[in-house]
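Below, read A as the first sequence line, B as the second, and so on, with proteins coming before strands; counting in each chain starts at 1.
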Amino acid sequence: MHRAGAPGLSRSGKPPESVISLNWSDIPQNRLNIPLTLTSGQCFRWEQTPEGEWYGAVGNSLVRLKPEEAGFWWETYPEPGRWDLIHRYFALDVDLEGLYAQWRRREPRIAPSLRRWAGLRILRQEAQEAFFAFHCATCNTVVKITRSVRALAQRYGEPICDLNGKTFYRFPDVKRLSDASERALREDLWGFRAPRVIASARHLRMQEPGWLESLRERPYREAHAELMRLEGIGAKVADCICLFALWHDEATPIDTHLWKIAVELYRPDLRGRSLTPALYQSAADLFRDRFGAYAGWAQQYLFLDALNAGRTYTT
DNA sequence: TTTTTGCCTCTGG
DNA sequence: CCAGAGGCAAAA
């Protein structure tokens, strides 16, 4: 497992004027590609400035990042120097190179994707934000999910702090969402997903506090089954929540793209078949057999191939 | 078990 | 203008 040396606080050389107050981490882009990771469709609230800086809410903090090839500048607000936040959010304890080697042994055909998307990571996101954001993913586009999630945060979220004349918001808590109006959510483009968000918020509110986070400690299969009991959460959204909100790295969401890839790579006999619950299960198990405990991470590389054919991302 | 259909709304053919 | 978008659930 990789460890960031002195916890990201070391300074290298002379920082440019604009980043004079930022901290430096020497984790290079091929072990953490920030722009790629933040635009890979797993999170929806980061904003990039024309200067190439990234601003995003992580829990009740605002994180500011300026990536470079050899590492990245960073700061947190309002409490500065929270390297622990960044280390966890980007799952920097996970050894990417080791995963690549393991995956290539098991499935050599993944090699081009690993080159194309080198440094892509699965984020350790706040449970509730990812839980609700992926309610929005059913039959939707990343562009529209982004608009919907941001609108929701501005409408019902508590402000974190102001920076450069802009206010950044927390993701709304369950109480606010359970009292939200369906009409407001529909104005924010949630469409037929709006009542599902409110229903899920009410469900969470009826559980013990911390119930959602407690699913992180349960085995993946149990967490997945628990989520599927909620109205409006099927196998695919449950897997997105398991992977992105609950940090179950073996969860492999099978969307329409991954289904085609599974058919192409392993089951040409199923070409043209629709994705039934039984076939969903077998496809997901297939990827888990192939890629192991971090199959969800491998899935994200294959997903990006389909989502963004032709795009490569170095800085 | 599987396929079909409706559901919000935007975008690319 | 239509089909499809990181689906889901109800119905047959």
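Looking at the side chain of A:Arg196, the nearest of the listed nucleotides C:dA5, B:dT9, C:dG7 is C:dG7.
If you look at A:Tyr100 and A:Tyr301, their ring centroids are closer than 6.0 Å.
Among the protein residues, A:Val142 comes within range of the nucleic acid bases, having at least one heavy atom under 4.0 Å from a base atom. Across all strands, A:Gln42 comes closer than 4.0 Å to base atoms (heavy-atom distances). Using a 4.0 Å heavy-atom cutoff across all strands shown, A:Ser148 reaches no nucleic acid atom at all.
The interatomic distance linking A:His135 (NE2) with B:dC8 (P) rounds to 16 Å, in whole Å. For the pair A:Trp190 CH2 and C:dC8 P, the interatomic distance rounds to 14 Å; values are reported in whole Å. As a whole-Å value, the separation of A:His257 NE2 from C:dA5 C1' is 7 Å. In this structure, A:Phe192 places its CZ atom 10 Å from P of B:dT9, rounding to the nearest Å. Here the P atom of nucleotide B:dT9 and the CD1 atom of A:Ile145 are 16 Å apart, to the nearest Å. Between the P atom of C:dA5 and the CZ atom of A:Arg147 lies a distance of 18 Å, rounded to the nearest Å. Rounded to an integer number of Å, the gap from A:Asn140 CG to B:dG12 C1' is 15 Å. The nearest whole Å value for the distance from the NZ atom in A:Lys144 to the C1' atom in B:dC7 is 11 Å.
Residues from residues 222-253 of chain A lying near DNA chain C, meaning a heavy-atom separation below 4.0 Å, are A:Leu230, A:Glu231, A:Gly232, A:Ile233, A:Gly234, A:Ala235, A:Lys236, A:Val237, A:Cys240, A:Phe244 in numerical order.
Partners of A:Asp84 under the side chain to side chain donor-acceptor pair (under 3.5 Å) rule, at least two apart in sequence or in another chain, are A:Arg82.
Around the CZ atom of A:Arg109, the shell of radius 6.0 Å holds more than 12 heavy atoms that belong to other residues, nucleotides or ligands. In the displayed structure, A:Arg186 atom CZ is contacted under 6.0 Å by more than 12 heavy atoms of other residues, nucleotides or ligands. In A:Glu158, the CD atom is not crowded: 12 or fewer heavy atoms of neighbouring residues, nucleotides or ligands sit closer than 6.0 Å.
Across B:dC10 and C:dC8, the matching P atoms stand 22 Å from one another, rounded to whole Å. Rounded to whole Å, the separation between the P atoms of C:dG7 and B:dT1 comes to 23 Å. Here, C:dA3 and B:dT4 have their P atoms 15 Å apart, quoted to the whole Å.
Between the side chain of A:Gln299 and the backbone N or O of A:Gly296 there is at least one donor-acceptor pair closer than 3.5 Å. Between the side chain of A:Arg196 and the main chain of A:Leu230, no donor-acceptor pair closer than 3.5 Å is present.
Ring-plane geometry between A:Trp83 and A:Trp74 is classed as tilted, the angle between the planes lying from 30 to 60 degrees on a 0 to 90 degree scale.
Phosphate contact (OP1/OP2 of C:dA9, side-chain N/O of A:Arg193, threshold under 4.0 Å): absent.
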Between protein and nucleotides 1-4 of chain B, what N or O pairs are separated by less than 3.5 Å?
residue	atom	partner	partner atom	Å
B:dT2	OP2	A:Thr276	OG1	2.8
B:dT3	OP2	A:Ser274	OG	2.5

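Using Watson-Crick or G-U wobble geometry with both donor-acceptor distances under 3.5 Å, B:dC8 finds no partner in any strand shown.
Inspection of the A:Glu53 and A:Tyr55 side chains reveals an N or O donor paired with an N or O acceptor under 3.5 Å.
Of the options A:Asp173, A:Leu177, A:Asp179, a side chain to side chain contact (heavy atoms under 4.5 Å, CB included) to A:Arg205 is made by A:Asp179 and by none of the others.
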